[in-house]
Amino acid sequence: MQKRKALITGISGQDGSYLAELLLEKDYEVHGVVRRVALEDPAHRLSRIRHLLDDLHLHAGSLESFPSLFQVVGKVQPDECYHLAAQSFVTYSFEDEFSTLQTNINGTHFLLAALKECAPSCRFYFAGSSEMFGRAEEVPQSESTRFHPRSSYGISKVAGFELTRNYREAYGLHASSGILFNHESPRRGYEFVTRKISSGVARILAGEAGELRLGNLEARRDWGHAKEYVEAMWLMLQQDEPDDYVVATGETHSVREFAELAFRVVGLDYRDYVVIDERFYRPAEVDLLVGNPAKAETRLGWRATIRFEDLVREMVEADCRGVCDPALIRRAGLGL
Ligand code: GDD
């Protein structure tokens, strides 16, 4: 039997790397779109998928170029397409609204249009985000909660979500959106607050830093583990009918709680190291996100199982392993 073919944009990111692993385990032929510069510098730019490179088919392409996406889709003829690539750092979207909107909205539109022309029976997944809820009107947030994005990033995700719905309704594409709440792992980029904290703790333990500068400690997020969230993406595309799903744990914690726990993993008190720095505050903050994953649970049979405390510990331990002397790690009582 022919292998099913999957195409992933953003394959070199945190989610892309976990999804590629999952699909390879399921015996898919896995294709990825990456920038040409990444193909030229795989050691740095493809580090998260280095261990998979022999098993993947990578294609040069860019979200900014319709012809490049059109060509890749036409050549690969995927059965499933997972669109994860985006400018995804909210802070950056305040610094350059134009490029965030342009890249994220056009990229999604280009890909949908290419699929409609070249592979109309391909199933499509769009990486929506809880940032679409922004200043949410209800707690917890579900698929029926109204969107009120608070950044150009959030606005670009609302536009991508609506484009996905429109291609489903207008052209009959099997197109689904996951409304994913924050999801983290040791593969998270260093700019996001969880990894900034876990790597900061490791550097402090190693004696390489004396403090950790953060912004708003009171913001609350629903933090899950990325490895589990990519399973929900796959499940969405296995359904007979396309639809939209909230993917979340249903629990919320503050940045302060994350920091407190992360420092506690190595026996330190966060109050001795965390310095509040106004530079890391956002012009418009999303104060509280917590999702209601009931629909994903009943329809997809998906549920988050990794607990917040275990996620924090895993991230801190992984970063300590990267920078600390083994003797130090033993002294800090880490289970490594
Ligand atoms: N990055 C960062 N750095 N955030 C900080 C800091 C800091 O020094 N100090 C406090 N925070 C607060 C932010 O103000 C925000 O309220 C919260 O920590 C989380 O910030 P991020 O980790 O940058 O993630 P995010 O919630 O803005 O967005 C992430 O999750 C979305 C899903 O809800 C990203 O992964 C998005 O791409 C994703 O869609």
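We use all heavy atoms of the structure for the numbers below, so side chains are in, but hydrogens, waters and symmetry mates are not. Residues take their numbers from the sequence shown, with the count starting at 1. In each ligand, atom 1 is the first atom listed, and ligand 1 is the first ligand listed.
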Salt bridge R203-E208, side-chain N to carboxylate O under 4.0 Å: yes
Nearest-option assignment for atom 35 (O) of ligand 1, heavy atoms, candidates R188, E131, H183: R188
Residue portion contacting ligand 1 (non-hydrogen atoms closer than 4.0 Å) for V255: side chain
Path from L235 to Y82 over hydrophobic side-chain contacts below 4.5 Å: yes
Protein contact to atom 29 (C) of ligand 1 [nearest heavy atom, distance to 0.1 Å]: N182 ND2, 3.6 Å
Under 4.0 Å to a heavy atom of V90 - the qualifying atoms of ligand 1, by number: 27 (O), 28 (O)
Ligand 1 contact on L214 by region, counting heavy-atom pairs under 4.0 Å: both
Selected option - heavy-atom contact closest to atom 19 (C) of ligand 1, from D277, L288, N216, V193: V193
Q87 vs T100, side chain to side chain donor-acceptor pair (under 3.5 Å): CA-CA, chis, key distance, verdict: CA-CA 6 Å; Q87 189 303 96; T100 300; 3.1 Å; yes
Contact check: T194 vs ligand 1, nitrogen or oxygen atoms, below 3.5 angstrom: no
F126 and F161 aromatic centres sub-6.0 Å: no
Options S129, G154, S130, ranked by nearest heavy atom to atom 33 (O) of ligand 1, top entry: S130
Test of ring centre spacing under 6.0 Å for Y270 and F263: no
Ring center gap for H183 and H225 short of 6.0 angstrom: no
Y281, portion touching ligand 1 at heavy-atom distance under 4.0 Å: neither
Options K196, R195, R282, ranked by nearest heavy atom to atom 23 (O) of ligand 1, top entry: R282
Donor-acceptor under 3.5 Å (W302 side chain, E228 main chain): yes
N/O separation below 3.5 Å, W223 to ligand 1: no
Ring-ring centroid check Y167 F124, cutoff 6.0 Å: no
Ligand 1-proximal atoms of L180, by part, heavy-atom distance under 4.0 Å: backbone
Nearest neighbour in protein (non-hydrogen) for atom 9 (N) of ligand 1: G215 N, 2.8 Å
Atom pair CZ/CD of F147 and Q141 - distance to nearest 0.5 Å: 10.5 Å
Ligand 1 versus R221: contacting region, heavy-atom distance under 4.0 Å: side chain
